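Computed from heavy atoms alone, side chains included, the values below leave out hydrogens, waters and symmetry copies. The chain is numbered in sequence order, starting from 1. All of these numbers come straight from a predicted model, not from anything done at the bench.
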Amino acid sequence: SLDDAKSDESEVHRIKTLHVGSPRTKINKCYYSPRGKWLLAATKSENLYLLSPENDFSIESTIKLKEYISNNDSIYSFTWNNSDDYFFVGCKDGKILGFTVEEAGGKETNVSYLFSLEGHRGSVTTLKMDQYGRYLISGSSDGTCVLWDLNTYISKHTITDINSLILSIDVDHLSKIMAISTADDTLLFYNTSDGTFIDKIEIEDLKADIWFKFHPNKTWFIKSSKDDILLNHTNTATDQMKIWRKTYQSALSSIKNKGGKGNDATSRDSSRASDSRNRRNDDRGRRPPERSNPAANKIRKNFTGGRSQ
């Protein structure tokens, strides 16, 4: 925990020491669920331990991944869904395993295996959920990124033009843009809706791996810069929209270029039709000249008593 001291520095205090299995069990990584309901600990022996922070970090379930993966396989990445009841495990052999967490009443908690997704030839190095829970996004050491539709568990988009190991993936708070960090110190931005490329940032003079993170609910982000310094970009919504405008303008320009001739022809046809309608309206509004009729003139003269009207 962090306590604000009276000085400018903060003090860090250890709250609790946790052991899973035995004191000798080595924990490689820990993952809190988004709402803080669960803590998942991954061990070197490829076991997962589900702990409950609400119950003093008691172990609620143990998942032996060796029942679902080969002996030579191992855990490379992990992520929760947005509602704390599903989690996904990325493996060395390129598979993604899905599990569900269910509270069966009382104190019993069940973790069940659901499915396996296959879409990479290399290790699944990173996993990320979009903000609305529509897509599971996976990145691999083979330089591919896959957007999985969680309604069908089928690949919606596959990005294959990265050409470098993917270190991490993040999605902005509106789920419009995903940022991909690669091993060659490059940030790549793609549209999450259709997987199209948006922009690229190359960062020089990095000693550590490149790092990037969107703000949870603003159009801000933090990224690595020269000499491994983290820079906070507090862009306004208008500034951030420039990236999306670039995509819109590109699509609009493409439509105009493809349909330019057809549009010109349509415009000419519309102009001709308009001119024709105008001529007809003019003709209807113009009264034709009266013709001379001797019989009608004689009858009119009798009614008026010879007086001209």
Side-chain angles (χ1 to χ4, degrees), residues 31 33-34 40 42 48 63 65 68-70 72-101 111-184 186-200 212-214 243-244 247-248 250-251 254:
Y31 311 90
S33 62
L40 200 64
L48 296 176
I63 305 99
L65 286 181
Y68 310 103
I69 62 178
S70 64
N72 296 326
D73 205 358
S74 59
I75 302 171
Y76 263 58
S77 55
F78 182 93
T79 194
W80 286 89
N81 74 333
N82 298 333
S83 55
D84 291 10
D85 52 0
Y86 289 88
F87 64 85
F88 308 92
V89 179
C91 301
K92 179 182 177 181
D93 67 353
K95 293 181 181 179
I96 301 171
L97 307 180
F99 295 85
T100 181
V101 180
V111 178
S112 304
Y113 169 77
L114 289 179
F115 56 80
S116 174
L117 303 176
E118 298 185 21
H120 298 285
R121 292 174 295 176
S123 304
V124 181
T125 52
T126 183
L127 292 168
K128 179 68 179 180
M129 286 287 300
D130 84 310
Q131 306 298 339
Y132 298 109
R134 299 170 302 172
Y135 305 126
L136 171 67
I137 307 171
S138 58
S140 172
S141 60
D142 63 8
T144 61
C145 176
V146 180
L147 283 78
W148 303 93
D149 188 329
L150 291 182
N151 289 321
T152 61
Y153 299 111
I154 296 175
S155 169
K156 183 180 174 91
H157 306 296
T158 300
I159 300 171
T160 59
D161 59 352
I162 297 174
N163 300 322
S164 180
L165 184 149
I166 298 175
L167 297 175
S168 64
I169 297 172
D170 200 23
V171 182
D172 77 310
H173 74 294
L174 296 175
S175 292
K176 296 284 188 179
I177 301 172
M178 62 177 175
I180 300 176
S181 305
T182 66
D184 61 356
T186 302
L187 282 171
L188 302 169
F189 297 90
Y190 290 84
N191 190 322
T192 56
S193 298
D194 54 16
T196 55
F197 174 78
I198 296 176
D199 204 355
K200 177 174 70 173
F212 182 95
K213 197 71 175 176
F214 280 112
I243 299 179
W244 303 334
T247 306
Y248 172 77
S250 177
S254 177

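Listed by chain and residue number, Val146, Trp148, Thr158 satisfy the side-chain contact (heavy atoms from CB on, under 4.5 Å) test with Ser155 (two or more places apart in sequence, or in another chain). Every residue was checked against the side-chain hydrogen bond (donor to acceptor under 3.5 Å, both in side chains) condition with Tyr135, not counting sequence neighbours, and none meets it. Remark: Asn163 engages no residue in a side-chain contact (heavy atoms from CB on, under 4.5 Å) (not counting sequence neighbours).
Counting all heavy atoms, side chain and backbone alike, His173 lies closest to Gln131 at O-CG, 3.7 Å. Asp73 and Cys91 make their closest contact through OD2-CB, 3.4 Å (heavy atoms, listed as atom of the first residue, atom of the second, distance). A pairwise comparison of heavy atoms in Ile166 and Gly139 identifies CD1-CA, 3.9 Å as the closest pair. Across Pro34 and Asn81, no two heavy atoms sit closer than the pair CG-O, 3.1 Å. Scanning all heavy atoms of the two residues, the minimum distance from Ser141 to Thr125 falls at N-CG2, 3.8 Å. Residues Ser168 and Thr126 share a closest heavy-atom pair of CA-OG1, 3.7 Å.
Counting only heavy atoms from C-beta outward, the side chains of Met178 and Cys145 approach each other to under 4.5 Å. Taking the side chain as every heavy atom from C-beta outward, Ile154 and Asp149 never approach each other to under 4.5 Å. In this structure, Val124 and Asp93 have side chains that are not in contact, with every pair of non-hydrogen atoms separated by 4.5 Å or more. Put simply, the side chain of Tyr86 does not reach to within 4.5 Å of the side chain of Leu150, judged on heavy atoms. Two residues are said to be in side-chain contact when any heavy atoms from C-beta on lie closer than 4.5 Å; Leu65 and Ile75 meet this criterion. Taking 4.5 Å as the limit, every side-chain heavy atom of Ile96 sits out of range of all side-chain heavy atoms of Tyr153. By the 4.5 Å heavy-atom criterion applied to side chains, Tyr132 and Leu174 are counted as neighbours. Contact check for Leu188 versus Ile162: side-chain heavy atoms found under the 4.5 Å cut-off.
Here the CG-CH2 distance, from Asn82 to Trp80, works out to 12.0 Å after rounding to the nearest 0.5 Å. Here the straight-line distance linking atom OG1 of Thr186 with atom NZ of Lys200 works out to 6.5 Å at 0.5 Å rounding. One distance of note links CZ of Phe87 with CG of Leu114; it measures 9.0 Å at 0.5 Å rounding.
A distance-only check finds no donor-acceptor pair linking the side chain of Glu118 to the backbone of Gly94 [under 3.5 Å]. Using a distance-only test at 3.5 Å, with no hydrogens or angles considered, a donor-acceptor pair links the side chain of Asp172 to the main chain of Lys176. Looking at His157, its side chain does come within 3.5 Å of a backbone N or O of Ser193 through a donor-acceptor pair. Checked by atom type and distance alone, the side chain of Asp84 never pairs as donor or acceptor with a backbone atom of Ser33 at under 3.5 Å. Here the side chain of Thr100 pairs a donor or acceptor atom with the backbone of Asp85 at under 3.5 angstrom. Looking only at distances, a side-chain donor or acceptor of Ser123 sits under 3.5 Å from a matching main-chain atom of Lys92.
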I would like to know whether Asp130 and Arg134 meet salt bridge (charged side-chain N to carboxylate O under 4.0 Å, His left out); could you show each step before the answer? CA-CA 6 Å; Asp130 84 310; Arg134 299 170 302 172; 3.1 Å; yes

Give the intermediate values and the outcome of side chain to side chain donor-acceptor pair (under 3.5 Å) for residues Thr144 and Asp142. CA-CA 6 Å; Thr144 61; Asp142 63 8; 2.6 Å; yes

Between Leu187 and Asp199, is a side-chain contact (heavy atoms from CB on, under 4.5 Å) present by the stated rule, with each step listed? CA-CA 8 Å; Leu187 282 171; Asp199 204 355; over 6 Å; no

Apply side-chain contact (heavy atoms from CB on, under 4.5 Å) to residues Leu136 and Met129 and explain how you reach the verdict. CA-CA 5 Å; Leu136 171 67; Met129 286 287 300; 4.1 Å; yes

Applying side-chain contact (heavy atoms from CB on, under 4.5 Å) to Ser138 and His120, what does each step give before you reach the verdict? CA-CA 9 Å; Ser138 58; His120 298 285; 2.7 Å; yes

Stepwise side-chain contact (heavy atoms from CB on, under 4.5 Å) test for Leu97 and Ile69: CA-CA 9 Å; Leu97 307 180; Ile69 62 178; 3.6 Å; yes

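Ring pair Phe78/Phe88: centre-to-centre distance not below 6.0 Å. Under the 6.0 Å cut-off for aromatic ring centres, Phe99 and Phe115 do not qualify, their centroids lying 6.0 Å or more apart.
Screening Thr196, Ile180, Ile137, Ile169 for a side-chain contact (heavy atoms from CB on, under 4.5 Å) with Tyr190, the sole residue that qualifies is Ile180.
Relative ring orientation between Phe189 and Phe214 is described as perpendicular, the plane-to-plane angle rising above 60° on a 0-90° scale split at 30° and 60°.
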